[in-house]
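Quick notes on the structure that follows.
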Amino acid sequence: MSRDARLELTFGDGDYSFRLGWGELAELQEKCDAGPYVVLQRLMDSTWKLNDISHTIRLGLIGGGMVPVDALKLVRCYVEDRPPAENLLYAQAILTAGVMGAEDETPGEPEAADEPEKN
């Protein structure tokens with residue numbers, strides 16, 4: 001089974017796929033001037049900065065397959081135009097999945113073999 005840390009979440013005006021792969025995590029590190037675990041710790045212990053929330057969500061949308069300009073539009077509308085705490089749980093979930101894997105992914109779990117149907 002391949003672990004890609006993808007989450008499907010209802011966000012803003014619809015359901016979206018979020019994923020922070022290596023490239024997105026590296027960009028998050030650069031944008032927030034802190035490693036992914038430091039950003040995650042800030043999100044969890046209420047020492048977060050605004051960019052910790054907005055960049056995590058924007059990069060998660062991009063990693064999930066959204067065109068960057070569309071991700072920026074969504075973040076401007078549903079993150080930057082709203083109180084920061086409204087999106088804190090989204091950022092926590094997206095970054096947690098990015099660094100630890102999604103909840104339904106089991107590390108090292110082999111794909112199930114097709115079993116013959118019983119008649």
Side-chain angles (χ1 to χ4, degrees):
M1 176 176 181
S2 172
R3 291 174 50 103
D4 78 349
R6 186 174 304 274
L7 294 176
E8 303 295 327
L9 300 173
T10 300
F11 169 76
D13 61 357
D15 296 329
Y16 295 97
S17 182
F18 295 84
R19 179 180 181 273
L20 291 172
W22 192 270
E24 291 84 21
L25 289 169
E27 186 173 344
L28 180 68
Q29 179 172 279
E30 180 182 315
K31 297 286 186 189
C32 294
D33 195 29
Y37 271 108
V38 173
V39 175
L40 181 58
Q41 184 62 40
R42 293 193 307 221
L43 290 170
M44 296 301 203
D45 70 11
S46 298
T47 60
W48 48 265
K49 298 177 181 184
L50 293 174
N51 284 340
D52 295 343
I53 296 171
S54 63
H55 287 307
T56 298
I57 295 171
R58 180 181 62 82
L59 291 167
L61 287 164
I62 293 168
M66 185 174 285
V67 175
V69 70
D70 293 338
L72 182 59
K73 287 178 186 176
L74 271 179
V75 167
R76 284 184 175 159
C77 182
Y78 295 108
V79 177
E80 294 175 0
D81 284 348
R82 308 292 310 154
E86 264 186 33
N87 289 289
L88 179 60
L89 292 177
Y90 287 104
Q92 289 172 341
I94 294 162
L95 188 51
T96 297
V99 298
M100 295 182 201
E103 186 175 310
D104 62 345
E105 295 177 338
T106 304
E109 179 180 277
E111 291 187 36
D114 290 337
E115 293 183 26
E117 289 184 22
K118 295 180 182 177
N119 292 345

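All of these numbers come straight from a predicted model, not from anything done at the bench.
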Query raised in the report: What pairs with E80 under side-chain hydrogen bond (donor to acceptor under 3.5 Å, both in side chains), at least two apart in sequence or on another chain?
Result: none
Query raised in the report: If Ile, Leu, Val, Met, Phe, Trp and Tyr residues are connected whenever their side-chain heavy atoms lie under 4.5 Å apart, and connections chain through other members, are M66 and F18 in the same group?
Result: yes
**Report entry** V38 versus A34, closest heavy-atom pair with distance
**Finding:** CG1-CB, 3.7 Å
Query raised in the report: Once you round to the nearest 0.5 Å, how far does CG of L74 lie from CZ of F11?
Result: 6.0 Å
Query - Under 4.5 Å side-chain linkage, directly or through intermediates, the cluster mates of V69 - result: V67
Query raised in the report: What closest approach, in Å, do A71 and L61 show between heavy atoms, and which atom pair accounts for it?
Result: CB-CB, 3.8 Å
Query raised in the report: Is atom CG of D33 surrounded by more than 12 heavy atoms (other residues, nucleotides or ligands) closer than 6.0 Å?
Result: no
**Report entry** Distance, nearest 0.5 Å, that separates CG of L95 from CD of E24
**Finding:** 12.0 Å
Query raised in the report: With a 4.5 Å limit on heavy-atom distance, are the side chains of P36 and V39 in contact?
Result: no
Report task. Return the minimal non-hydrogen interatomic distance between A97 and A5, and the atom names on each side. Result -> O-CB, 2.9 Å
Report summary line: Smallest heavy-atom separation, E8 atom then S17 atom, equals OE2-OG, 3.1 Å
Requested in this report: State, with a plain yes or no, whether a side-chain heavy atom of Q29 is found less than 4.5 Å away from one of L25.
Outcome: no
Query raised in the report: Quick one: CZ on R76 to NZ on K73, what's the gap to the nearest 0.5 Å?
Result: 10.0 Å
Query raised in the report: In Å, rounded to the nearest 0.5 Å, how long is the span from CD1 of I57 to CG of L20?
Result: 10.5 Å
Query raised in the report: Which distance, rounded to the nearest 0.5 Å, do you find between the NE2 of H55 and the CD1 of I62?
Result: 10.5 Å
Query raised in the report: Do M44 and L9 share a hydrophobic cluster (ILVMFWY, side-chain heavy atoms under 4.5 Å, transitive)?
Result: yes
Query raised in the report: Side-chain contact, heavy-atom cut-off 4.5 Å: L28 with D52?
Result: no
Query raised in the report: Hey, does V79 have a side-chain heavy atom less than 4.5 Å from the side chain of R58?
Result: no
Requested in this report: Report whether I94 and V99 are members of the same hydrophobic cluster (ILVMFWY, side-chain heavy atoms less than 4.5 Å apart, transitive linking).
Outcome: yes
Please list, one pair per line, the donor and acceptor atoms closer than 3.5 Å that link side chains of residues 83-93 to other protein atoms, with sequence neighbours excluded.
residue, atom, partner, partner atom, Å
E86, OE1, R82, NE, 2.9
E86, OE1, R82, NH2, 3.4
E86, OE2, R82, NH2, 2.7
N87, ND2, Y78, O, 2.9
Y90, OH, T10, O, 2.8
Q92, NE2, L43, O, 2.8

Requested in this report: Say whether, by atom type as modelled, one donor and one acceptor occur between the side chain of R6 and the main chain of G64 under 3.5 angstrom.
Outcome: yes
